[in-house]
Amino acid sequence: MTRDPAALLPSAEPVMLIDPSGAPTGLADVPDDDTMLAAYGALVAARRLNDQAYALVRQGRLAVYPSSHGQEACQVAAAQVLGADDWLFPTYRDTVAAVTRGVDPVEVLVLLKGDWHSGYDPYRTKVAPQATPLATQLLHAVGVGYAAKLRGEPTVVMALCGDGATSEGDFHEALNFAAVFGVPVVFFVQNNEYAISVPLARQSVAPSLAHKGVGYGVPGERVDGNDVAALLAVLGGAVAKARAGEGPQLVEAHTYRMQAHTNADDATRYRQDDEVAAWVERDPLTRAEAYLRGRGALGDDQVTAYAAEADRMAAHVRDGLNRDVEPNPDDLFDFVYARRTPQLEEQAALVADELSREDAR
Amino acid sequence: MTHEKLTMAQALNRALRDAMAEDPSVLMFGEDVGPLGGVFRITDGLTAEFGEERCFDTPLAESGIVGLAVGMAMNGMRPVVEMQFDAFAYPAFEQVVSHVAKLRNRTRGAVTVPMVIRVPYAGGIGGVEHHCDSSESYYAHTPGLHVLAPANAADAYGLLREAIASPDPVVFLEPKKLYWSKEEVDLAAPVPGIGKAAVVREGTDATLIAYGPSVPTALEAAEVAAQDGRSLQVVDVRSIVPFDDATVCEAVRSTGRAVVVAEAVGFASVSSEIVARVTERCFHSLAAPIRRVTGFDIPFPPPKLEHFQLPGVDRILDAVDDLQWEDS
C-alpha cells in the first residue's frame, strides 16, 4: 500500500497573513485583535530581552548569548499556541520562547551566566531544559508526548530545532518514532538560514525542510517566520491537529538570524551586509505594529505602555544577573545520583578539606 | 521459600514480569522485544500478558529508543529498554552520555530519568563481529549512570528488580554466555543490592576479582587451584558503579594477593580501575603486585579465534602463580 503523499506536502510558498508593510495578504483570517495585541506585547518584551542579554554579555555578566533577534515571532508564537498542560522543548537559542511561556528570564539565563547548567524547574511551566546538543531533545519530546498519550492525557508537545539540526540523525529518528506511534508532537524548525557559518544549501537540497516530513508520513507546512499572525495560525493549527489525534506535525518557519551565532562569532566572515539589510525590512516587530496601528487597534499610549513593561522586565533581568551567587561546592556532588556514592562522599570531603585549609590560611 | 531451577534468561524474564505486574509505569521496549520476545527471549510473553502498550517493538534506531525512554521517564514512566547487542548500543551513546547520565545533575534533581538500559554483552557464544563487545568501561566512565553486571540467575533477578526500582538510570549488562546456565534460585530471597560486591567463594591464599561472564571462569579456576592445594577467594563485583571498595578491599587484605579477571580489553578499563583502587587502598597488605587477566587490546576476534581473547582457567592460574609466592 502506498499512502498518498499529497496531503503531507507543504504549501508552495510559506504562509503569510501580513505582508512586510503590515497589510493583510487576504490568504486567510488574521487572528483577532486581542490575540494579536498579546503577541505584539510579547514581541516587544522579546526584542528587549534579546537586546538586554546581548548587552549583559558585553558587560561580562553572561558568558555568551545566542540571540533570537529577528526570530522573535517564532519564539512568541511557539509559546503562545500552547495550553497550560502542553510541553515546550526549547534549544539554546530559544530563551525567549521559554520566557514567553512563563519562565523567569533570570532563571533561564542561569545557564549562560554560568551558575549552573539549567536554572528553572521544568515541571513548573512545562518547559524542558534548553537543549545544547542538536536534535537530541526532539526524541525526549516524543517520549513526553507518548507517555501522556498512553495515559490518555491531551498533552501536545512543541519541539523546537533549527535548520542545522535537521541534518542530525535524531531529527529523523524523532519524526519517525512520533509518526509510527502517533504521538502529538509539533516539530517546529526555525530555518534562520545559517548553522553558525554554514548556509542552508550545505545542510539540505530538499525542496524545503518541511518536505522532509513526507519521508516519515508527517504532514509539513511552511510559514513566514517573521509574520507572527501566520505563525500563530499555522502553529495553532498544527497543535490542534496533533491534539485531535492526527499525529505529529512538521512546521518550517523561514526566518533569519539577524545577529551572529553568538557574541563569540563573527558573521562578517561568511555573509554580506546587504543580505542582512534585506531582512531588516521584514522585521517581525515592526510588521505586527504596522498591522495593529493600521487597524486602529494599537496607539502611541499602548506602544509606550508595552515598552515600559518590557523595560521593567529588563531591569529585573539586570538585577538578577548582577547579583552574584556564592557557588556551593556541595552542588558538584549532590545531583549526580539520588544519593552520593561512597566515592563521591570521599571526593566531596576532599573539596571540603581544601576549603577548610584555605579558610585557615 | 520456593526454589526453582531457572536459567538467567528466565530469571530476567521473571524480573521484568514481576516489575510490570507491580508497577503500571514500568514499560519494556526495543527491537524485536514484542511478539518475538527478544532475540534472546528475555521479554518472552510480556506483550501477550501486558499488552502492546506496555511491551512493544520500536523502529530500528537505538538513539531513538533511548531518547524516547528519556522523555517517557521525564513524564512519569519507568522504561526498560533493550539494546539488542552490545555493539548495537553505540548509536545511542550521545543520548546515554549527554542526557540519561546528566539530566538529574543538569536540573539540580528536578528532572530524573529512572530507566534501565539492558545490554546483552560480551563474548563466549561464537558471535560474529559487533555481537561480542565488552562495553562496560564506556558506561562506567560516565558519571550519573549505575552499571551492573550479574553473574548468576539469582543476581540477575534481584539486581534487575532493584535497577527498575532505582531512582537513577542503570546500564544493566547481561552476560550472553550465561543466559542459558541453569541454577536453583529462590526468587523471594533477597540478594545484595546495587553498590554491593559479594564474596562468592571463600579462600585464604589469593583473591580473584571478577564480574559478569568472568565470574564462573574465576570460580572454575579456584576449584582447580584447590585441587593443587591453593585456596583462592573469589569476589563477584556485581555492581561496577557504584563500586564496593569496602568489600573488595577487605577481601584483598585478607589474602594479600589478587588477580583481576575481566573479558574486556585491558587498557583504560574497569579492570585497570580496580587495580588502581585496590592498590591505593591496600598497598601495605599486598605481598605482590596485583595481576590482571583481561582481553587483549584488540577488536573482539572472530568466532574461531575468540578463545584466545577470553580469560580462561589456565591463564588465570598462571597469573596466580606469578604472585610472588615465598615457596616458589
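These values consider heavy atoms only, across backbone and side chains, with no hydrogens, waters or symmetry-generated copies. Lettering follows sequence order; numbering is per chain, from 1. Only a predicted model underlies this, so the values are computations on that prediction, with no experimental measurement involved.
- Counting heavy-atom pairs closer than 4.5 Å to chain A, the top-ranked of the candidates B:Thr58, B:Thr107, B:Leu27 is B:Thr58.
- Distance check: A:Asp170 CG to B:Gln95 CD gives 5.0 Å after rounding to the nearest 0.5 Å.
- Between A:Pro342 and B:Asp245, the closest side-chain pair of non-hydrogen atoms is not below 4.5 Å.
- Taking the centre of each ring, B:Phe29 and A:Phe177 stay at or above the 6.0 Å mark.
- Summarising the geometry of A:Phe181 relative to B:Asp57, their closest heavy-atom pair is CZ-O, 3.7 Å, with the distance given to 0.1 Å.
- The candidate with the highest count of non-hydrogen atom pairs below 4.5 Å against chain B, out of A:Asp334, A:Asp331, A:Leu138, is A:Asp331.
- Listed here is the closest heavy atom pair of B:Met72 and A:Gly143: CG-O, 3.3 Å.
- When each of B:Lys102, B:Arg277, B:His99 is scored by its heavy-atom pairs under 4.5 Å with chain A, the top score falls to B:His99.
- When the candidates A:Glu173, A:Arg339, A:Arg124, A:Gln137 are compared by the number of heavy-atom contacts under 4.5 Å with chain B, A:Glu173 comes out ahead.
- The line from OG1 of A:Thr341 to CD1 of B:Ile194 is 12.5 Å long, rounded to the nearest 0.5 Å.
- Shortest non-hydrogen contact noted between B:Gly144 and A:Val336 is N-CG1, 3.5 Å.
- For the pair B:Glu94 (side chain) and A:Thr136 (backbone), a donor-acceptor distance under 3.5 Å is absent.
- Within 6.0 Å of the CD atom in A:Glu345, the count of heavy atoms belonging to other residues, nucleotides or ligands exceeds 12.
- In terms of heavy atoms, B:Ser63 sits closest to A:Leu139 at O-CD1, 3.5 Å.
- Residue A:Ala174: no heavy atom, backbone or side chain, is found under 4.5 Å from chain B.
- Ranked by heavy-atom pairs under 4.5 Å with chain A, the first of B:Arg106, B:Arg54, B:Arg108 is B:Arg108.
- With a 4.5 Å cut-off on non-hydrogen atoms, B:Glu53 touches chain A through its backbone and its side chain both.
- With a threshold of 4.5 angstrom between heavy atoms, B:Phe243 approaches chain A through its backbone and through its side chain.
- Most heavy-atom pairs under 4.5 Å with chain B, from the set A:Phe89, A:Tyr146, A:Trp116: that is A:Trp116.
- In terms of heavy-atom proximity, A:Ala148 sits nearest to B:Asn75 at N-ND2, 3.7 Å.
- At a 4.5 Å heavy-atom cutoff, the contact between A:Ala338 and chain B is made by backbone and side-chain atoms alike.
- If you measure heavy-atom distances from B:Pro167 to chain A, the contacts under 4.5 Å come from the side chain alone.
- Interface remark: of the candidates B:Thr112, B:Val66, B:Ile65, B:Val113, B:Ile65 forms the most heavy-atom pairs closer than 4.5 Å to chain A.
- The backbone N or O of B:His146 sits nowhere less than 3.5 Å from a side-chain atom of A:Tyr337 that would complete a donor-acceptor pair.
- Without hydrogens or angle criteria, A:Gln343 side chain to B:Pro242 main chain gives no donor-acceptor distance under 3.5 Å.
- For A:Val144 against B:Gly71, the heavy-atom pair with the smallest separation is CG2-O, 3.3 Å.
- Within the 4.5 angstrom heavy-atom criterion, only side-chain atoms of A:Val180, from C-beta onward, approach chain B.
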Item to check | Residue pair B:Arg281, A:Glu346: steps toward the salt bridge (charged side-chain N to carboxylate O under 4.0 Å, His left out) verdict | outcome: CA-CA 13 Å; B:Arg281 287 163 178 77; A:Glu346 283 176 19; 3.2 Å; yes

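- Other residues, nucleotides and ligands contribute more than 12 heavy atoms inside 6.0 Å of the NE2 atom of A:His117.
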